Each structure stands twice: as C-alpha cells, then as structure tokens.
Amino acid sequence: MFIFVLLVNGLGYSQTELDKLVFEKVNQYRVSKGVKKLVWCDKAFNASKQHSIYLKNNEEISHNENNDTPTVISRLKKHNINYIISYGENCAQIIPETDEEYFSNDILSTLIVNSWKKSPPHNKIMLNPNFTYTGISCIKHDMIFVYATIDFYQN
C-alpha cells in the first residue's frame, strides 16, 4: 500500500518564470534610478497572486475586489503581513499583439514593467524608496490577456 502526502505551504502558489523576470526588471529599474532593490516576500507574492487570479476571473483591471479582501491592505493582512508602515500596489492588463509577445516571458515582462514606467502614479509607487518588500504575480488568460499584480510594503 502506498500513502501519498502532500504538504502545501500557504496557498501552494509558486513563482513562475514570468514573475521572476518582472521582479528582476523592477529591481534593475530601481537600481538604475538610485533606489535600493526590493526583497522578495512569499506572503506578498500570495497576496498578489490572489489578486491576479481575481483580475483574470473577472476579466477586469482594478485594485479592489468584491469579496472579503476588497483592498490591497486587507489582502496583505490576510496573508499574514500584519505590521505595515506603508504599502502600494500596481496592476496591469497586457494585451499581447503577437504570439511571440504572448509566449516570450522576456517580452511580456518588459511590456509589464514598461506599462508601469509610462504611468506616473504607477512609476512613483514602483520607485518609492520606502518600500522594502514585494511579491509579484502574473497570470496568462486565454491567449488574449496577461494580468499582473505587484504588491509593495514597508514594515
């Protein structure tokens, strides 16, 4: 008789190559502007993953959810980030124009980060020197959209 045991950490989400590339490109951008690198946080990743899934399921772009975690602060707290001095969130909905864009994580990560750079409020959040920790989640949907959420915080 075989017994299989599955151990799940938190929600069991795992970082994708696309998530890692966006994280690296955000940090490269911050350093190029004289801002310290962010530290990866699995709890913030879980909060951002929850929100990216919500965006995909509702096919919308918003910082709010219509559920028990309507705001970024409520999502961070749900994922056990309890003492927060400051926080921020950037979301993106990317519509790749070609199959190459959709299937190339390098191109997609550049499109995501560039969308935040081009938006003054999102750029300001991305370059906020007070933020220390981050989690990033990107989800591809129906070969049409890519939803991305990055949550930042300082504690």
Side-chain angles (χ1 to χ4, degrees), residues 9-65 69 71-81 84 86-155:
N9 182 3
L11 295 175
Y13 298 139
S14 61
Q15 220 182 350
T16 66
E17 179 188 354
L18 180 55
D19 301 334
K20 291 174 188 175
L21 285 170
V22 173
F23 175 68
E24 289 170 8
K25 289 180 182 186
V26 167
N27 269 335
Q28 288 169 357
Y29 179 55
R30 285 173 61 93
V31 168
S32 77
K33 297 295 183 181
V35 182
K36 68 182 180 215
K37 287 184 176 183
L38 295 161
V39 175
W40 181 263
C41 173
D42 287 335
K43 293 175 185 179
F45 168 72
N46 287 334
S48 67
K49 184 75 168 189
Q50 174 190 328
H51 193 58
S52 290
I53 290 170
Y54 180 88
L55 297 176
K56 178 192 78 101
N57 290 343
N58 290 279
E59 295 183 347
E60 66 179 15
I61 189 75
S62 172
H63 291 284
N64 300 317
E65 294 182 7
T69 54
T71 65
V72 62
I73 191 75
S74 62
R75 288 187 292 279
L76 291 171
K77 287 182 178 182
K78 176 182 178 178
H79 293 282
N80 299 314
I81 301 170
I84 303 168
S86 60
Y87 63 91
E89 179 178 79
N90 284 352
C91 299
Q93 179 188 56
I94 304 299
I95 304 170
E97 295 182 9
T98 65
D99 286 349
E100 181 185 13
E101 285 182 359
Y102 187 82
F103 289 107
S104 168
N105 288 327
D106 188 53
I107 294 171
L108 279 177
S109 61
T110 298
L111 291 171
I112 291 164
V113 174
N114 284 347
S115 74
W116 293 330
K117 286 180 185 179
K118 292 176 187 174
S119 165
H122 292 93
N123 191 55
K124 183 177 180 181
I125 290 170
M126 194 166 43
L127 294 177
N128 186 322
N130 296 320
F131 294 142
T132 308
Y133 302 100
T134 194
I136 298 157
S137 173
C138 307
I139 297 183
K140 296 179 180 181
H141 180 57
D142 290 342
M143 291 190 60
I144 299 170
F145 301 111
V146 176
Y147 294 94
T149 305
I150 180 169
D151 288 328
F152 305 89
Y153 73 96
Q154 172 192 17
N155 66 356

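Small disclaimer: the values here were computed from a predicted structure and weren't measured.
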So, applying ring-ring contact (aromatic ring centres under 6.0 Å, His included) with Trp40, which one of Tyr133, Phe152, Phe23 is it? Phe23
Could you please spell out the steps behind the side chain to side chain contact (heavy atoms under 4.5 Å, CB included) verdict for Leu76 and Ser74? CA-CA 6 Å; Leu76 291 171; Ser74 62; over 6 Å; no
Under 3.5 Å: donor-acceptor pair, side chain of Asn46, backbone of His79: no
side-chain contact (heavy atoms from CB on, under 4.5 Å) partner of Asn105, the single match among Thr16, Val22, Leu21, Asp19: Leu21
Flag, side chain of Ser48 to backbone of Phe45, donor-acceptor distance under 3.5 Å: yes
Tell me, with the steps shown, if Glu89 and Ile125 meet side chain to side chain contact (heavy atoms under 4.5 Å, CB included). CA-CA 7 Å; Glu89 179 178 79; Ile125 290 170; over 6 Å; no
One pair to check against side chain to side chain contact (heavy atoms under 4.5 Å, CB included): Ile61 and Leu55. What are the steps and the verdict? CA-CA 6 Å; Ile61 189 75; Leu55 297 176; 4.0 Å; yes
Do we see a donor-acceptor contact under 3.5 Å between the side chains of Lys25 and Ser109? yes
Counting only heavy atoms not in Lys37 (residues, nucleotides, ligands), do more than 12 fall under 6.0 Å from its NZ? no
Testing the basics here: between Asn64 and His51, what is the closest heavy-atom pair and its distance to 0.1 Å? O-CE1, 3.8 Å
Minimal non-hydrogen separation, Tyr153 against Ala44, with atom names: CE2-CB, 4.0 Å
Would you confirm whether Lys140, through its side chain, and Tyr102, through its main-chain N or O, come within 3.5 Å as a donor-acceptor pair? yes
Pair Asp151-Lys43, salt bridge (charged side-chain N to carboxylate O under 4.0 Å, His left out): steps then yes or no: CA-CA 10 Å; Asp151 288 328; Lys43 293 175 185 179; over 6 Å; no
State whether the side chain of Trp116 and the backbone N or O of Cys91 hold a donor-acceptor pair below 3.5 Å, judged by distance alone. yes
Does either side chain, that of Asn123 or that of Tyr29, offer a donor lying less than 3.5 Å from an acceptor on the other one? yes
For Leu108 and Pro96, which heavy atoms make the closest approach, and how far apart are they? CD2-CG, 4.0 Å
Using only atom types and a distance under 3.5 Å, with no angle test, would you say the side chain of Arg30 pairs donor to acceptor with the backbone of Met126? yes
Assess the side chains of Thr69 and Gln50: does a donor N or O sit below 3.5 Å from an acceptor N or O? yes
Using the side chain to side chain contact (heavy atoms under 4.5 Å, CB included) rule, take Leu38 and Phe131 through it: C-alpha gap first, then chi angles, then the decisive distance, then the call. CA-CA 7 Å; Leu38 295 161; Phe131 294 142; 4.0 Å; yes
If we ignore angles and hydrogens, is there a donor and acceptor under 3.5 Å between the side chains of Ser86 and Gln154? yes
Would Thr149 and Ser137 count as having a side-chain donor-acceptor pair, cut-off 3.5 Å? no
Would you say Asn58's side chain and Glu60's backbone share a donor-acceptor pair under 3.5 angstrom? no
Could you label the plane-to-plane angle of the Tyr147 and Phe145 rings as parallel, tilted or perpendicular, counting under 30° as parallel and over 60° as perpendicular? tilted
